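Let me begin by presenting the structure, written as structure tokens, before commenting on it.
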Amino acid sequence: MIKRFLAIGMLVILAIYALQGLSVQPFADDLAFIQLAKYADPLTQQYYGWSGRYSATLLLGYLLPLAPNMVVKLFPALWILSGVGMAYALNKRRVRYPLLMAGGLVVAFLWALPDLFESFFWFAGSVNYLTPLWIFGILWLYLSRSASLPLGSLKS
Amino acid sequence: MALSFALGLLAAGFSEIITPIFILLVAIGFYRTRKRHYLFALVGLLLGFTIVLIAPGNAVRAAALPPRMLITRALQQAIAASAIFIAQSILERPYTLIAAFFVGWLCEPLRRVRKRLRWALVTVLLGFAGIIYSLFITLYGAGGLQGRHYTYAAFILVLTIGTLGMLCSSRRINYAERTTSQQSRNCAHQ
């Protein structure tokens, strides 16, 4: 019972972080990409002119300019939701209380970040550093299920 | 399998810091399972990583940053930065480590873990190595550390402490199993 309350408590804390994300505005590199998208092809310009990070450029150069405010405000909530979901799915068959583990680890991770704005709330920062963890989590889940392994395990 | 390749290709296109770790994990997975899904994912990751590394823009960016420091110097600074980060986490944000440990401890792993001390040592060593690696690559490539560059260090630290909590929790399972098997043997003797 206590553990259920703790799990709910963790989810409430994460909901607060998600709500905080609604006050975020495009900042620095976000604005640069929004301007870039108006005059040039972001992928080509970035690949030949600054960085080879094509996946980050896809999100920053094509998704962000579509609806800048909506994207930056919703992205933190989306990341929290998918982070908890993946941690839950990966640990469902390994621990007795996977929801507590998922919520608790995501909360602990957000608390551990020295600069929460740069790493999490800032769209360009979170796209470059947090999103690959998210994509790899999806990949690992898919590999585990496709290969008929227990979720999150390397053992056959 | 096409999805494995596509996800691998997509995951590799973000940060050069974390992609080698992805490649390592998937390579270990392929070695253990010999499944084609892992192989396709590995090919996608390697292809994506190559595309990122050979980009002409990397040279333009490198020219705009301070000159690259020597590998030994970057490693020294990475070790120092890792120690400072861990110390700050303990002194300034102890609730983080306490939360990570108790979350791991309260969750109760379902399987018994043998040789918990060995696994704890392996976890701590891998955690340290991971934090040092993430900061070293950033220092060597960018010349300095900013707030967002500690993202992977924070992730690894929380995972390490959470795993230690789980290992401590498995002691209860080990004890419960031993007690149950002892009782079964006593009943059999009677």
Side-chain angles (χ1 to χ4, degrees), chain A residues 2-3 6 10 45-58 91 93-98 100-101 103-105 107-120 122 124-133 135-136 138-140 142-144 146-149 154-156, chain B residues 1 3-4 7-8 10-19 22 25-26 28-29 32-33 35 37-38 41 48 51-58 60-61 85 88-89 93 95-97 99-100 102-104 106-111 146-152 154-155 157-159 161-162 166:
Chain A
I2 292 174
K3 290 171 187 176
L6 278 173
M10 296 298 167
Q45 202 281 334
Q46 283 291 105
Y47 193 78
Y48 286 96
W50 189 247
S51 165
R53 295 175 180 177
Y54 54 87
S55 298
T57 305
L58 283 174
N91 289 291
R93 294 178 199 167
R94 297 177 73 204
V95 299
R96 193 160 294 167
Y97 302 97
L100 174 59
M101 168 158 261
L105 284 184
V107 166
F109 169 58
L110 293 176
W111 284 348
L113 292 170
D115 193 330
L116 189 60
F117 177 76
E118 265 198 47
S119 300
F120 181 66
W122 181 35
S126 61
V127 158
N128 276 288
Y129 293 96
L130 287 185
T131 309
L133 296 175
I135 302 294
F136 186 74
I138 297 173
L139 172 62
W140 194 256
Y142 176 71
L143 289 175
S144 300
S146 300
S148 304
L149 283 176
L154 284 175
K155 294 180 185 175
S156 55
Chain B
M1 280 180 276
L3 187 57
S4 306
L7 285 171
L10 188 62
F14 288 98
S15 168
E16 305 91 337
I17 303 169
I18 200 71
T19 306
F22 293 166
L25 289 174
V26 173
I28 291 171
R32 299 288 293 262
T33 64
K35 299 286 183 182
H37 293 86
Y38 283 89
I51 292 171
V52 169
L53 287 183
I54 64 172
N58 291 333
V60 177
R61 191 171 174 208
F85 170 71
Q88 279 178 339
S89 297
R93 297 182 292 275
Y95 49 86
T96 301
L97 305 184
F102 276 104
V103 160
L106 287 169
C107 292
E108 295 186 20
L110 292 174
R111 290 190 202 125
Q146 293 175 347
R148 62 186 178 278
H149 295 136
Y150 288 89
T151 303
Y152 296 134
F155 183 72
L157 182 64
V158 164
L159 273 188
I161 303 298
M166 273 181 65

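This one's a predicted model, so the numbers in the text were calculated from it and none came from an experiment. Reminder, nothing fancy here: chain letters follow the sequence lines and each chain counts from 1.
The part of B:Y152 that comes within reach of chain A is its side chain, from C-beta onward, which places non-hydrogen atoms under 4.5 angstrom from that chain. Neither the backbone nor the side chain of B:I161 has a heavy atom closer than 4.5 Å to any heavy atom of chain A. Only the side chain of B:F85 has a heavy atom closer than 4.5 Å to any heavy atom of chain A. In this structure, chain B has heavy atoms under 4.5 Å from both the backbone and the side chain of A:V127. The parts of B:L10 that come within reach of chain A are both its backbone and its side chain, each placing non-hydrogen atoms under 4.5 angstrom from that chain. In this structure, chain B has no heavy atom under 4.5 Å from any part of A:L116.
The CE atom of B:M166 sits 4.5 Å away from atom CE of A:M101, with the distance rounded to the nearest 0.5 Å. To the nearest 0.5 angstrom, B:I18 atom CD1 is 12.5 Å from A:T131 atom OG1. Rounding to the nearest 0.5 Å gives a distance of 11.5 Å between NE2 of B:H37 and OG of A:S144. Of the inter-residue distances, the one linking B:R148 atom CZ with A:L130 atom CG reads 12.5 Å to the nearest 0.5 angstrom.
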Test log, rule side chain to side chain contact (heavy atoms under 4.5 Å, CB included), inputs A:F109 and B:T151: CA-CA 9 Å; A:F109 169 58; B:T151 303; 4.0 Å; yes

Test log, rule side chain to side chain contact (heavy atoms under 4.5 Å, CB included), inputs B:R61 and A:W50: CA-CA 5 Å; B:R61 191 171 174 208; A:W50 189 247; 3.7 Å; yes

Chi angles and distances behind the side chain to side chain contact (heavy atoms under 4.5 Å, CB included) call for B:I54, A:Y47: CA-CA 10 Å; B:I54 64 172; A:Y47 193 78; 3.8 Å; yes

Residues A:R53, B:E16; criterion side chain to side chain contact (heavy atoms under 4.5 Å, CB included); working and verdict: CA-CA 8 Å; A:R53 295 175 180 177; B:E16 305 91 337; 2.8 Å; yes

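More than 12 heavy atoms of other residues, nucleotides or ligands lie within 6.0 Å of OH in A:Y54, so this atom counts as buried by the packing criterion. Within 6.0 Å of OH in A:Y48 there are 12 or fewer heavy atoms belonging to other residues, nucleotides or ligands.
Taking the side chain as every heavy atom from C-beta outward, B:L25 and A:F136 approach each other to under 4.5 Å. Using a 4.5 Å heavy-atom threshold, the side chains of A:P114 and B:R93 count as touching.
Smallest separation of non-hydrogen atoms from B:F14 and A:I135: CE1-CG1, 3.9 Å. Taking both residues in full, the closest heavy atoms of B:V103 and A:M10 are given as CG2-CE, 4.5 Å, listed atom of the first, atom of the second, then distance. Smallest separation of non-hydrogen atoms from A:P132 and B:F22: O-CZ, 3.4 Å. Across all their heavy atoms, B:L3 and A:Y142 have their closest contact at CD2-CE1, 3.7 Å. Pairing each heavy atom of A:Y129 with each of B:I17, the nearest pair is CE2-CD1, 4.0 Å. Between A:A108 and B:V158 the shortest heavy-atom distance is O-CG2, 3.6 Å.
Of the listed residues B:L159, B:L157, B:V60, B:V52, the one with more heavy-atom pairs under 4.5 angstrom with chain A than any other is B:V52. Interface check for chain B: of the options A:S126, A:G103, A:G49, the most heavy-atom pairs under 4.5 Å are formed by A:G49. In terms of heavy-atom pairs under 4.5 Å with chain A, the best-connected choice from B:L97, B:L53, B:I51 is B:I51. In terms of heavy-atom pairs under 4.5 angstrom with chain A, the leader among B:S89, B:A55, B:A99, B:G48 is B:A55. Counting heavy-atom pairs under 4.5 Å between each of A:I138, A:D115, A:L100 and chain B puts A:L100 at the top.
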